[in-house]
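Everything on this sheet refers to the single structure shown next.
These figures come from a predicted structure and were not determined experimentally.
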Amino acid sequence: MEETNIYKRANFFPGLKATPSFWNEMEDYHFNKENLYNRLFHGFGVVPDYMQSLHVQAEKTKGGLITLLVETGLAIDGLGRSVFLYKPEALVLDPKKYTLPCTVYVAIRYEERMEDFYENSENCDLQGYQHKRECAKVEILSEIPDYNVYIELARIRLEDVDGTGIAEIKNSESFSDPGANALDYRFVPWTDRVKRGVSSYLQNFMIKLLDYTESLSNTSYEVLPLQSLRGLQSVSMTSRLILQTTGVYFDDIIHMVKPLFDMDHQVLFEIAEWERNHEEDGHMYTTKGAYDQAREAMYKLGDVIKAYGNSYDEFDVILNLHRNVMDCLKQILVEKEVSTNDVKFISYKMPHVLLFEEERYTLVDTIDMGSDKSVEAHNVRFVNSKHPTTSNEAFYYPDGVMVRDTVKRWIGGEMRFHLKNIVKGRRTIIIRRTDILKGNYSVDVKLNERSAKSLVVDGTDTKNRWRNVYVIFDEGEINQYTPEISFDMGKEGRDNSGTIWIYQLL
(Lines give C-alpha, C1' and ligand atoms only; values in the text may rest on other atoms or scores of the structure.)
Protein backbone atom coordinates (compact mmCIF):
# COMPACT_ATOMS: atom_id res chain seq x y z
CA MET A 1 0.00 0.00 0.00
CA GLU A 2 1.40 3.38 -1.00
CA GLU A 3 2.29 5.71 1.85
CA THR A 4 1.38 9.38 1.59
CA ASN A 5 2.97 12.47 3.02
CA ILE A 6 1.29 14.42 5.77
CA TYR A 7 0.62 17.74 4.06
CA LYS A 8 1.01 20.85 6.22
CA ARG A 9 0.50 24.32 4.78
CA ALA A 10 2.33 27.30 6.21
CA ASN A 11 0.48 29.34 8.78
CA PHE A 12 1.78 32.88 9.41
CA PHE A 13 1.43 34.72 12.68
CA PRO A 14 3.07 37.78 14.30
CA GLY A 15 6.55 36.94 15.50
CA LEU A 16 7.05 33.96 13.14
CA LYS A 17 10.69 33.47 12.13
CA ALA A 18 10.66 32.74 8.37
CA THR A 19 13.94 30.86 8.13
CA PRO A 20 15.30 29.27 4.90
CA SER A 21 14.13 25.90 6.25
CA PHE A 22 10.61 27.30 6.72
CA TRP A 23 10.48 28.69 3.17
CA ASN A 24 11.88 25.46 1.69
CA GLU A 25 9.21 23.45 3.49
CA MET A 26 6.60 25.67 1.81
CA GLU A 27 8.16 24.96 -1.60
CA ASP A 28 8.31 21.22 -0.86
CA TYR A 29 4.62 21.25 0.10
CA HIS A 30 3.58 22.59 -3.30
CA PHE A 31 6.09 20.40 -5.15
CA ASN A 32 4.91 17.20 -3.42
CA LYS A 33 1.23 18.06 -3.91
CA GLU A 34 1.91 18.61 -7.63
CA ASN A 35 3.67 15.24 -7.85
CA LEU A 36 0.74 13.51 -6.14
CA TYR A 37 -1.71 15.13 -8.55
CA ASN A 38 0.39 14.09 -11.54
CA ARG A 39 0.58 10.47 -10.39
CA LEU A 40 -3.14 10.21 -9.72
CA PHE A 41 -4.54 12.08 -12.71
CA HIS A 42 -1.92 11.92 -15.46
CA GLY A 43 0.05 8.77 -14.81
CA PHE A 44 3.43 7.97 -16.28
CA GLY A 45 5.00 8.82 -19.62
CA VAL A 46 5.39 11.43 -22.33
CA VAL A 47 2.85 14.26 -22.45
CA PRO A 48 1.32 14.23 -25.97
CA ASP A 49 1.12 17.32 -28.18
CA TYR A 50 3.28 19.52 -25.96
CA MET A 51 6.22 21.13 -27.74
CA GLN A 52 7.78 18.29 -29.83
CA SER A 53 6.69 15.48 -27.48
CA LEU A 54 10.31 14.38 -26.85
CA HIS A 55 10.45 12.78 -30.30
CA VAL A 56 13.71 11.01 -31.14
CA GLN A 57 15.16 11.21 -34.64
CA ALA A 58 18.31 9.75 -36.18
CA GLU A 59 20.52 12.41 -37.75
CA LYS A 60 22.99 12.00 -40.57
CA THR A 61 26.38 10.92 -39.34
CA LYS A 62 29.23 13.38 -39.21
CA GLY A 63 32.77 12.09 -39.07
CA GLY A 64 31.52 8.54 -38.68
CA LEU A 65 29.41 9.38 -35.61
CA ILE A 66 25.80 8.23 -35.19
CA THR A 67 23.77 11.09 -33.74
CA LEU A 68 20.32 10.85 -32.16
CA LEU A 69 18.39 14.10 -31.67
CA VAL A 70 15.85 14.28 -28.84
CA GLU A 71 13.31 17.06 -29.40
CA THR A 72 11.82 19.28 -26.69
CA GLY A 73 8.90 18.20 -24.57
CA LEU A 74 7.56 17.14 -21.20
CA ALA A 75 7.14 13.81 -19.44
CA ILE A 76 5.91 12.70 -16.01
CA ASP A 77 7.90 10.03 -14.20
CA GLY A 78 6.64 7.34 -11.83
CA LEU A 79 7.08 9.67 -8.85
CA GLY A 80 4.88 12.35 -10.44
CA ARG A 81 7.75 14.72 -11.22
CA SER A 82 7.53 16.91 -14.34
CA VAL A 83 10.49 16.19 -16.61
CA PHE A 84 11.13 19.16 -18.92
CA LEU A 85 13.51 19.20 -21.87
CA TYR A 86 13.68 22.85 -22.85
CA LYS A 87 16.07 22.55 -25.80
CA PRO A 88 16.74 19.73 -28.31
CA GLU A 89 19.59 17.53 -27.18
CA ALA A 90 21.94 15.47 -29.35
CA LEU A 91 23.29 12.09 -28.23
CA VAL A 92 26.15 10.19 -29.82
CA LEU A 93 25.67 6.44 -30.20
CA ASP A 94 28.81 4.31 -30.47
CA PRO A 95 27.79 0.71 -31.35
CA LYS A 96 31.34 -0.47 -30.61
CA LYS A 97 30.67 -0.06 -26.89
CA TYR A 98 28.11 -2.86 -26.97
CA THR A 99 28.23 -6.60 -27.52
CA LEU A 100 26.03 -7.23 -30.51
CA PRO A 101 23.26 -8.14 -30.96
CA CYS A 102 21.65 -6.15 -28.14
CA THR A 103 19.01 -3.53 -27.43
CA VAL A 104 19.79 0.00 -26.26
CA TYR A 105 17.35 2.53 -24.85
CA VAL A 106 17.05 6.28 -25.24
CA ALA A 107 15.67 7.42 -21.87
CA ILE A 108 15.01 10.62 -19.97
CA ARG A 109 14.97 11.25 -16.22
CA TYR A 110 14.22 14.09 -13.85
CA GLU A 111 17.11 16.28 -12.73
CA GLU A 112 17.52 19.37 -10.59
CA ARG A 113 20.27 21.90 -11.04
CA MET A 114 21.11 24.67 -8.61
CA GLU A 115 21.27 28.04 -10.37
CA ASP A 116 21.61 31.79 -9.79
CA PHE A 117 24.20 31.79 -7.01
CA TYR A 118 24.00 34.79 -4.72
CA GLU A 119 27.39 35.69 -3.35
CA ASN A 120 27.88 37.69 -0.15
CA SER A 121 31.52 38.67 0.08
CA GLU A 122 31.08 40.03 3.58
CA ASN A 123 29.38 36.99 5.12
CA CYS A 124 29.60 33.57 3.44
CA ASP A 125 26.88 32.22 5.72
CA LEU A 126 24.43 34.53 3.98
CA GLN A 127 24.89 33.31 0.43
CA GLY A 128 23.67 30.44 -1.71
CA TYR A 129 21.74 29.37 -4.81
CA GLN A 130 18.47 31.17 -5.40
CA HIS A 131 16.76 28.59 -7.65
CA LYS A 132 16.45 24.89 -8.34
CA ARG A 133 16.03 24.39 -12.06
CA GLU A 134 13.70 21.49 -12.89
CA CYS A 135 15.12 19.91 -16.03
CA ALA A 136 16.00 16.55 -17.59
CA LYS A 137 18.90 14.29 -18.35
CA VAL A 138 18.78 12.29 -21.59
CA GLU A 139 20.88 9.13 -21.86
CA ILE A 140 21.50 6.03 -23.95
CA LEU A 141 21.31 2.97 -21.68
CA SER A 142 21.81 -0.74 -22.12
CA GLU A 143 18.84 -1.31 -19.79
CA ILE A 144 16.26 0.69 -17.85
CA PRO A 145 17.37 0.48 -14.20
CA ASP A 146 14.19 1.93 -12.63
CA TYR A 147 10.94 2.55 -14.51
CA ASN A 148 9.76 4.98 -11.83
CA VAL A 149 12.76 7.20 -12.58
CA TYR A 150 13.54 6.62 -16.27
CA ILE A 151 11.08 7.13 -19.12
CA GLU A 152 11.81 5.34 -22.37
CA LEU A 153 11.69 7.57 -25.46
CA ALA A 154 12.83 4.97 -28.02
CA ARG A 155 14.80 1.76 -28.29
CA ILE A 156 17.08 0.33 -30.96
CA ARG A 157 17.86 -3.29 -31.71
CA LEU A 158 21.55 -3.21 -32.67
CA GLU A 159 22.64 -5.97 -35.04
CA ASP A 160 25.65 -6.34 -37.34
CA VAL A 161 23.55 -7.53 -40.25
CA ASP A 162 26.20 -7.93 -42.96
CA GLY A 163 29.38 -8.17 -40.84
CA THR A 164 30.63 -4.69 -41.73
CA GLY A 165 29.46 -2.98 -38.55
CA ILE A 166 26.67 -0.45 -37.97
CA ALA A 167 27.13 2.69 -40.05
CA GLU A 168 23.76 4.33 -39.42
CA ILE A 169 20.53 4.16 -37.49
CA LYS A 170 17.36 4.43 -39.55
CA ASN A 171 14.28 6.39 -38.63
CA SER A 172 11.27 4.13 -38.17
CA GLU A 173 9.44 3.31 -41.39
CA SER A 174 7.07 0.82 -39.78
CA PHE A 175 5.75 1.39 -36.27
CA SER A 176 4.69 -2.23 -35.81
CA ASP A 177 7.88 -3.76 -37.27
CA PRO A 178 10.78 -1.27 -37.24
CA GLY A 179 13.46 -3.94 -37.75
CA ALA A 180 17.13 -3.91 -36.73
CA ASN A 181 19.18 -0.70 -36.41
CA ALA A 182 16.06 1.47 -36.51
CA LEU A 183 14.29 3.61 -33.95
CA ASP A 184 11.49 1.70 -32.25
CA TYR A 185 8.70 3.69 -30.54
CA ARG A 186 6.37 0.80 -29.70
CA PHE A 187 7.13 0.76 -25.98
CA VAL A 188 7.08 4.49 -25.23
CA PRO A 189 4.60 5.25 -22.41
CA TRP A 190 2.20 8.18 -22.85
CA THR A 191 0.16 10.14 -20.33
CA ASP A 192 -3.37 11.41 -20.89
CA ARG A 193 -3.57 15.11 -21.62
CA VAL A 194 -6.79 16.74 -20.44
CA LYS A 195 -8.92 18.46 -23.08
CA ARG A 196 -12.29 20.19 -23.03
CA GLY A 197 -14.85 17.99 -21.36
CA VAL A 198 -18.43 17.11 -22.29
CA SER A 199 -21.19 18.35 -20.00
CA SER A 200 -23.54 15.81 -18.48
CA TYR A 201 -26.44 17.50 -20.30
CA LEU A 202 -24.80 17.12 -23.70
CA GLN A 203 -23.73 13.58 -22.88
CA ASN A 204 -27.26 12.55 -21.84
CA PHE A 205 -28.72 14.20 -24.95
CA MET A 206 -26.27 12.29 -27.16
CA ILE A 207 -26.98 8.99 -25.40
CA LYS A 208 -30.72 9.44 -25.98
CA LEU A 209 -30.16 10.41 -29.62
CA LEU A 210 -27.88 7.41 -30.22
CA ASP A 211 -30.36 5.11 -28.48
CA TYR A 212 -33.12 6.50 -30.71
CA THR A 213 -30.91 5.97 -33.78
CA GLU A 214 -30.12 2.39 -32.77
CA SER A 215 -33.77 1.53 -32.08
CA LEU A 216 -35.04 3.18 -35.27
CA SER A 217 -32.42 1.55 -37.49
CA ASN A 218 -33.33 -1.85 -36.03
CA THR A 219 -37.04 -1.24 -36.63
CA SER A 220 -36.35 0.05 -40.14
CA TYR A 221 -34.33 -3.08 -40.91
CA GLU A 222 -37.44 -5.13 -40.08
CA VAL A 223 -39.23 -3.17 -42.79
CA LEU A 224 -36.41 -3.01 -45.34
CA PRO A 225 -33.42 -5.34 -44.76
CA LEU A 226 -30.59 -3.06 -45.91
CA GLN A 227 -27.03 -3.65 -44.72
CA SER A 228 -26.58 0.09 -44.20
CA LEU A 229 -29.33 0.01 -41.55
CA ARG A 230 -27.43 -2.70 -39.71
CA GLY A 231 -24.32 -0.55 -40.05
CA LEU A 232 -26.15 2.48 -38.65
CA GLN A 233 -27.34 0.35 -35.74
CA SER A 234 -23.80 -0.86 -34.97
CA VAL A 235 -22.27 2.64 -35.21
CA SER A 236 -24.87 4.20 -32.91
CA MET A 237 -24.69 1.31 -30.41
CA THR A 238 -20.87 1.48 -30.26
CA SER A 239 -20.86 5.27 -29.84
CA ARG A 240 -23.47 5.04 -27.08
CA LEU A 241 -21.45 2.42 -25.19
CA ILE A 242 -18.32 4.59 -25.43
CA LEU A 243 -20.19 7.57 -23.99
CA GLN A 244 -21.73 5.49 -21.21
CA THR A 245 -18.51 3.75 -20.18
CA THR A 246 -15.27 5.59 -20.98
CA GLY A 247 -16.59 8.96 -22.16
CA VAL A 248 -14.85 11.31 -24.61
CA TYR A 249 -13.43 14.82 -24.70
CA PHE A 250 -15.33 17.50 -26.57
CA ASP A 251 -12.43 17.96 -28.98
CA ASP A 252 -12.82 14.32 -30.06
CA ILE A 253 -16.59 13.96 -30.03
CA ILE A 254 -16.93 15.01 -33.67
CA HIS A 255 -15.23 11.74 -34.61
CA MET A 256 -18.26 9.88 -33.21
CA VAL A 257 -20.62 11.89 -35.42
CA LYS A 258 -18.80 11.58 -38.74
CA PRO A 259 -19.60 7.83 -39.05
CA LEU A 260 -23.27 8.65 -38.39
CA PHE A 261 -23.24 11.04 -41.35
CA ASP A 262 -21.59 8.38 -43.52
CA MET A 263 -24.28 5.85 -42.56
CA ASP A 264 -27.10 8.40 -43.04
CA HIS A 265 -25.83 8.99 -46.57
CA GLN A 266 -25.52 5.27 -47.28
CA VAL A 267 -28.99 4.46 -45.93
CA LEU A 268 -30.72 7.05 -48.13
CA PHE A 269 -28.69 5.92 -51.15
CA GLU A 270 -29.55 2.23 -50.59
CA ILE A 271 -33.27 3.00 -50.15
CA ALA A 272 -33.32 4.58 -53.61
CA GLU A 273 -31.23 1.71 -55.04
CA TRP A 274 -33.51 -0.94 -53.48
CA GLU A 275 -36.57 0.79 -54.88
CA ARG A 276 -35.12 0.80 -58.41
CA ASN A 277 -34.43 -2.93 -58.16
CA HIS A 278 -37.85 -3.82 -56.69
CA GLU A 279 -40.31 -1.79 -58.72
CA GLU A 280 -42.74 -4.70 -58.79
CA ASP A 281 -43.19 -4.48 -54.99
CA GLY A 282 -44.99 -1.19 -55.36
CA HIS A 283 -43.13 0.60 -52.54
CA MET A 284 -42.44 4.22 -53.42
CA TYR A 285 -40.28 5.34 -50.51
CA THR A 286 -38.45 8.06 -52.45
CA THR A 287 -41.67 9.73 -53.56
CA LYS A 288 -42.57 10.61 -49.98
CA GLY A 289 -41.91 14.18 -48.92
CA ALA A 290 -39.97 12.91 -45.92
CA TYR A 291 -37.36 11.37 -48.23
CA ASP A 292 -36.52 14.74 -49.78
CA GLN A 293 -36.42 16.31 -46.32
CA ALA A 294 -34.07 13.58 -45.08
CA ARG A 295 -31.76 14.02 -48.06
CA GLU A 296 -31.68 17.79 -47.62
CA ALA A 297 -30.87 17.46 -43.91
CA MET A 298 -28.18 14.87 -44.70
CA TYR A 299 -26.42 17.15 -47.20
CA LYS A 300 -26.59 20.08 -44.76
CA LEU A 301 -25.10 17.78 -42.12
CA GLY A 302 -22.19 16.99 -44.42
CA ASP A 303 -21.55 20.68 -45.12
CA VAL A 304 -21.56 21.58 -41.40
CA ILE A 305 -19.18 18.72 -40.58
CA LYS A 306 -16.76 19.79 -43.32
CA ALA A 307 -16.68 23.37 -42.01
CA TYR A 308 -16.73 22.34 -38.34
CA GLY A 309 -14.74 24.72 -36.12
CA ASN A 310 -14.99 22.79 -32.83
CA SER A 311 -17.66 24.99 -31.23
CA TYR A 312 -20.65 24.03 -29.12
CA ASP A 313 -23.07 25.95 -31.38
CA GLU A 314 -21.93 24.02 -34.46
CA PHE A 315 -22.15 20.72 -32.65
CA ASP A 316 -25.72 21.45 -31.59
CA VAL A 317 -26.62 22.06 -35.26
CA ILE A 318 -24.94 18.77 -36.22
CA LEU A 319 -26.90 16.73 -33.67
CA ASN A 320 -30.21 18.31 -34.65
CA LEU A 321 -29.59 17.68 -38.35
CA HIS A 322 -28.91 13.99 -37.65
CA ARG A 323 -32.07 13.87 -35.54
CA ASN A 324 -33.96 15.39 -38.49
CA VAL A 325 -32.64 12.64 -40.79
CA MET A 326 -33.78 9.98 -38.29
CA ASP A 327 -37.25 11.51 -37.89
CA CYS A 328 -37.67 11.55 -41.67
CA LEU A 329 -36.40 7.96 -41.93
CA LYS A 330 -39.10 6.97 -39.46
CA GLN A 331 -41.73 8.59 -41.67
CA ILE A 332 -40.32 6.93 -44.79
CA LEU A 333 -40.07 3.32 -43.58
CA VAL A 334 -42.24 3.00 -40.47
CA GLU A 335 -45.91 3.56 -41.15
CA LYS A 336 -47.91 6.08 -39.17
CA GLU A 337 -49.39 5.04 -35.86
CA VAL A 338 -52.85 3.55 -36.11
CA SER A 339 -55.62 3.51 -33.54
CA THR A 340 -57.82 0.53 -32.68
CA ASN A 341 -60.44 1.88 -35.08
CA ASP A 342 -57.92 2.65 -37.87
CA VAL A 343 -56.93 -1.01 -38.14
CA LYS A 344 -60.38 -1.85 -39.47
CA PHE A 345 -59.96 0.40 -42.51
CA ILE A 346 -56.39 -0.30 -43.68
CA SER A 347 -56.84 -0.86 -47.40
CA TYR A 348 -53.16 -0.59 -48.38
CA LYS A 349 -50.62 -3.38 -48.11
CA MET A 350 -50.20 -4.29 -44.45
CA PRO A 351 -46.93 -2.76 -43.18
CA HIS A 352 -44.07 -4.89 -41.92
CA VAL A 353 -43.98 -2.78 -38.77
CA LEU A 354 -47.26 -1.63 -37.27
CA LEU A 355 -47.35 1.31 -34.84
CA PHE A 356 -50.39 0.36 -32.81
CA GLU A 357 -51.41 2.22 -29.63
CA GLU A 358 -47.89 3.72 -29.21
CA GLU A 359 -46.18 0.32 -29.47
CA ARG A 360 -44.36 -1.26 -32.42
CA TYR A 361 -45.42 -4.66 -33.74
CA THR A 362 -43.64 -6.59 -36.45
CA LEU A 363 -45.34 -8.85 -39.00
CA VAL A 364 -44.24 -12.41 -38.20
CA ASP A 365 -46.67 -14.51 -40.24
CA THR A 366 -49.27 -14.27 -43.04
CA ILE A 367 -51.89 -16.79 -44.15
CA ASP A 368 -52.95 -16.33 -47.78
CA MET A 369 -56.18 -18.21 -48.42
CA GLY A 370 -55.50 -18.13 -52.18
CA SER A 371 -52.19 -19.97 -51.82
CA ASP A 372 -52.33 -23.75 -51.48
CA LYS A 373 -48.79 -23.67 -50.12
CA SER A 374 -49.73 -21.17 -47.39
CA VAL A 375 -52.94 -23.02 -46.49
CA GLU A 376 -51.08 -26.34 -46.26
CA ALA A 377 -48.16 -24.88 -44.30
CA HIS A 378 -50.55 -23.49 -41.66
CA ASN A 379 -52.76 -26.59 -41.65
CA VAL A 380 -55.92 -24.59 -42.39
CA ARG A 381 -58.92 -26.91 -42.05
CA PHE A 382 -62.61 -27.00 -41.08
CA VAL A 383 -64.08 -29.03 -38.24
CA ASN A 384 -67.85 -29.76 -37.95
CA SER A 385 -68.58 -27.15 -40.61
CA LYS A 386 -71.13 -27.15 -43.42
CA HIS A 387 -70.47 -26.11 -46.97
CA PRO A 388 -66.95 -24.62 -46.64
CA THR A 389 -66.17 -22.73 -49.86
CA THR A 390 -63.34 -20.71 -51.36
CA SER A 391 -63.97 -17.73 -53.65
CA ASN A 392 -62.05 -14.85 -55.19
CA GLU A 393 -63.61 -11.53 -54.26
CA ALA A 394 -63.10 -7.85 -55.15
CA PHE A 395 -64.74 -5.53 -52.61
CA TYR A 396 -64.24 -1.95 -51.48
CA TYR A 397 -63.02 -0.51 -48.20
CA PRO A 398 -64.78 2.62 -46.85
CA ASP A 399 -61.98 4.79 -48.31
CA GLY A 400 -63.09 3.73 -51.79
CA VAL A 401 -60.13 1.45 -52.50
CA MET A 402 -61.02 -1.86 -54.15
CA VAL A 403 -58.98 -4.85 -52.93
CA ARG A 404 -58.95 -8.37 -54.36
CA ASP A 405 -58.62 -11.29 -51.97
CA THR A 406 -59.42 -14.99 -51.65
CA VAL A 407 -62.06 -15.72 -49.00
CA LYS A 408 -63.01 -18.93 -47.23
CA ARG A 409 -66.66 -19.13 -46.05
CA TRP A 410 -68.32 -21.69 -43.80
CA ILE A 411 -71.48 -22.38 -41.81
CA GLY A 412 -71.17 -23.61 -38.24
CA GLY A 413 -68.20 -25.35 -36.70
CA GLU A 414 -64.64 -24.09 -36.76
CA MET A 415 -61.84 -23.01 -39.06
CA ARG A 416 -58.61 -24.12 -37.44
CA PHE A 417 -55.03 -23.17 -38.34
CA HIS A 418 -51.55 -23.05 -36.82
CA LEU A 419 -49.40 -19.96 -36.35
CA LYS A 420 -45.77 -20.01 -37.43
CA ASN A 421 -42.62 -17.95 -36.67
CA ILE A 422 -43.99 -17.16 -33.21
CA VAL A 423 -41.89 -15.99 -30.27
CA LYS A 424 -43.40 -17.49 -27.14
CA GLY A 425 -44.78 -15.17 -24.51
CA ARG A 426 -44.97 -12.01 -26.62
CA ARG A 427 -48.05 -9.87 -27.05
CA THR A 428 -49.67 -10.94 -30.34
CA ILE A 429 -52.27 -9.40 -32.66
CA ILE A 430 -54.21 -11.57 -35.15
CA ILE A 431 -55.84 -9.47 -37.90
CA ARG A 432 -58.03 -10.89 -40.65
CA ARG A 433 -59.81 -9.40 -43.64
CA THR A 434 -63.56 -10.07 -43.45
CA ASP A 435 -66.60 -9.48 -45.67
CA ILE A 436 -69.23 -7.74 -43.47
CA LEU A 437 -72.17 -8.02 -45.87
CA LYS A 438 -73.89 -9.90 -43.06
CA GLY A 439 -72.09 -8.60 -40.00
CA ASN A 440 -73.08 -7.88 -36.42
CA TYR A 441 -71.90 -11.16 -34.90
CA SER A 442 -69.07 -12.42 -32.74
CA VAL A 443 -66.69 -15.33 -33.15
CA ASP A 444 -65.32 -17.50 -30.35
CA VAL A 445 -61.54 -17.50 -30.82
CA LYS A 446 -59.90 -20.54 -29.28
CA LEU A 447 -56.24 -21.09 -28.40
CA ASN A 448 -55.33 -24.80 -28.46
CA GLU A 449 -59.05 -25.76 -28.27
CA ARG A 450 -59.78 -23.53 -25.27
CA SER A 451 -61.96 -20.44 -25.58
CA ALA A 452 -59.71 -17.41 -25.17
CA LYS A 453 -61.07 -14.35 -26.96
CA SER A 454 -64.12 -12.97 -28.72
CA LEU A 455 -63.73 -11.56 -32.25
CA VAL A 456 -66.42 -8.95 -32.93
CA VAL A 457 -67.58 -8.34 -36.51
CA ASP A 458 -69.34 -5.05 -35.93
CA GLY A 459 -71.88 -3.59 -38.37
CA THR A 460 -73.03 -4.44 -41.87
CA ASP A 461 -72.20 -2.78 -45.17
CA THR A 462 -73.56 -3.74 -48.57
CA LYS A 463 -71.42 -1.25 -50.52
CA ASN A 464 -67.99 -1.17 -48.85
CA ARG A 465 -67.82 -4.75 -47.63
CA TRP A 466 -64.19 -5.13 -46.48
CA ARG A 467 -63.17 -4.67 -42.84
CA ASN A 468 -60.15 -5.84 -40.84
CA VAL A 469 -61.08 -7.37 -37.51
CA TYR A 470 -58.61 -8.44 -34.85
CA VAL A 471 -57.97 -10.06 -31.47
CA ILE A 472 -55.08 -9.44 -29.10
CA PHE A 473 -53.36 -12.08 -27.00
CA ASP A 474 -51.55 -10.51 -24.07
CA GLU A 475 -48.01 -11.23 -23.00
CA GLY A 476 -47.57 -14.78 -21.72
CA GLU A 477 -50.83 -16.18 -23.15
CA ILE A 478 -49.23 -17.83 -26.17
CA ASN A 479 -46.65 -20.24 -24.79
CA GLN A 480 -46.00 -22.48 -27.81
CA TYR A 481 -44.03 -21.94 -31.02
CA THR A 482 -46.82 -23.26 -33.30
CA PRO A 483 -50.06 -22.73 -31.36
CA GLU A 484 -53.41 -23.71 -32.88
CA ILE A 485 -56.05 -21.00 -33.33
CA SER A 486 -59.67 -21.59 -34.29
CA PHE A 487 -62.60 -19.36 -35.28
CA ASP A 488 -65.67 -21.16 -33.85
CA MET A 489 -69.20 -20.16 -35.00
CA GLY A 490 -71.10 -22.70 -32.96
CA LYS A 491 -73.69 -24.84 -34.75
CA GLU A 492 -75.36 -22.53 -37.27
CA GLY A 493 -73.42 -19.27 -37.44
CA ARG A 494 -71.89 -18.01 -40.68
CA ASP A 495 -68.34 -16.65 -40.93
CA ASN A 496 -65.69 -15.87 -43.52
CA SER A 497 -62.00 -15.07 -43.59
CA GLY A 498 -59.70 -13.53 -46.14
CA THR A 499 -55.98 -12.99 -45.54
CA ILE A 500 -54.82 -13.34 -41.93
CA TRP A 501 -51.86 -11.32 -40.57
CA ILE A 502 -50.05 -12.07 -37.31
CA TYR A 503 -48.09 -9.32 -35.54
CA GLN A 504 -45.98 -9.57 -32.41
CA LEU A 505 -44.63 -6.84 -30.15
CA LEU A 506 -41.05 -5.91 -31.03
R113 and E111 ion-paired at < 4.0 Å:
yes
For atom NZ of K446, is the number of surrounding heavy atoms from other residues, nucleotides or ligands below 6.0 Å larger than 12?
yes
Is R230 positioned over the aromatic face of Y221, cation under 6.0 angstrom from the ring centre and no more than 45 degrees off axis?
yes
Check the pair K453 / E477 against salt bridge (charged side-chain N to carboxylate O under 4.0 Å, His left out), numbers first and verdict last.
CA-CA 11 Å; K453 305 288 177 182; E477 287 191 85; 3.1 Å; yes
Would the number of heavy atoms belonging to other residues, nucleotides or ligands and lying under 6.0 Å from CD of Q130 be above 12?
yes
Donor-acceptor contact below 3.5 Å, side chain E168 vs main chain I66:
no
Let me confirm one number: the CZ-NE2 distance from F261 to H322, rounded to the nearest 0.5 Å.
12.0 Å
Can you confirm if the NZ or CZ of K424 lies within 45° of the ring axis of Y481 and under 6.0 Å from the centre of its six-membered ring?
yes
Centre-to-centre under 6.0 Å for Y150 and Y105, is that the case here?
no
Is there a salt bridge (charged side-chain N to carboxylate O under 4.0 Å, His left out) between E134 and K132? Walk through the geometry before answering.
CA-CA 6 Å; E134 298 179 0; K132 293 179 181 178; over 6 Å; no
Examine distances only and state if a side-chain atom of N320 and a backbone atom of D316 form a donor-acceptor pair shorter than 3.5 Å.
yes
Would you check if the side chain of T362 reaches a backbone N or O of R360 as a donor-acceptor pair within less than 3.5 Å?
no
Given the rule in the salt bridge (charged side-chain N to carboxylate O under 4.0 Å, His left out) test, do E152 and R155 qualify, once you have shown the distances and angles that lead to the verdict?
CA-CA 8 Å; E152 179 181 336; R155 66 176 61 178; 2.9 Å; yes
Does P178 offer a backbone N or O that forms a donor-acceptor pair with the side chain of D184 under 3.5 Å?
no
Going through the checks in order, is the side-chain hydrogen bond (donor to acceptor under 3.5 Å, both in side chains) test met by E159 and N181?
CA-CA 6 Å; E159 294 183 11; N181 305 321; over 6 Å; no
Tell me whether R196 forms a cation-pi arrangement with Y249, defined as NZ or CZ under 6.0 Å from the six-membered ring centre and within 45 degrees of its axis.
no
Could you give me the CA-CA distance, side-chain angles and deciding distance for F250 and Y312, then say whether ring-ring contact (aromatic ring centres under 6.0 Å, His included) is met?
CA-CA 9 Å; F250 183 80; Y312 287 95; 4.1 Å; yes
Taking NE2 in H265 as the centre, count heavy atoms belonging to other residues, nucleotides or ligands within less than 6.0 Å. Is the count above 12?
no
Does the ring centre of F12 sit less than 6.0 Å away from the ring centre of F22?
yes
Report yes or no: does Q203 contribute a side-chain atom to a donor-acceptor pair with the main-chain N or O of L243 at less than 3.5 Å?
yes
Sorted by first residue and then second, give each salt bridge (Lys or Arg N to Asp or Glu O under 4.0 Å) pair with at least one member in residues 67-78; sequence neighbours left out.
D77-R81
Using modelled atom types and a 3.5 Å cut-off, is there a donor and acceptor pairing between side-chain atoms of S53 and backbone atoms of H55?
no
Over-ring placement of K8 relative to Y29, 6.0 Å and 45° cut-offs:
no
Look only at the side chain of N379 and the backbone of H418, and say whether a donor-acceptor pair between them is shorter than 3.5 Å.
no
Does NZ or CZ of R323 fall inside the cone over Y212's six-membered ring, less than 6.0 Å from its centre and within 45° of the axis?
yes
Identify whether the distance between the nearest side-chain nitrogen and carboxylate oxygen of E475 and R427 falls below 4.0 Å.
no
Determine whether the aromatic ring centres of residues Y147 and F44 are separated by less than 6.0 angstrom.
no
Is the side chain of S215 donor-acceptor paired with the backbone N or O of D211 at a distance under 3.5 Å, no angle test?
no
Is the shortest distance from a Lys or Arg side-chain nitrogen in R193 or D49 to a carboxylate oxygen in the other one below 4.0 Å?
no
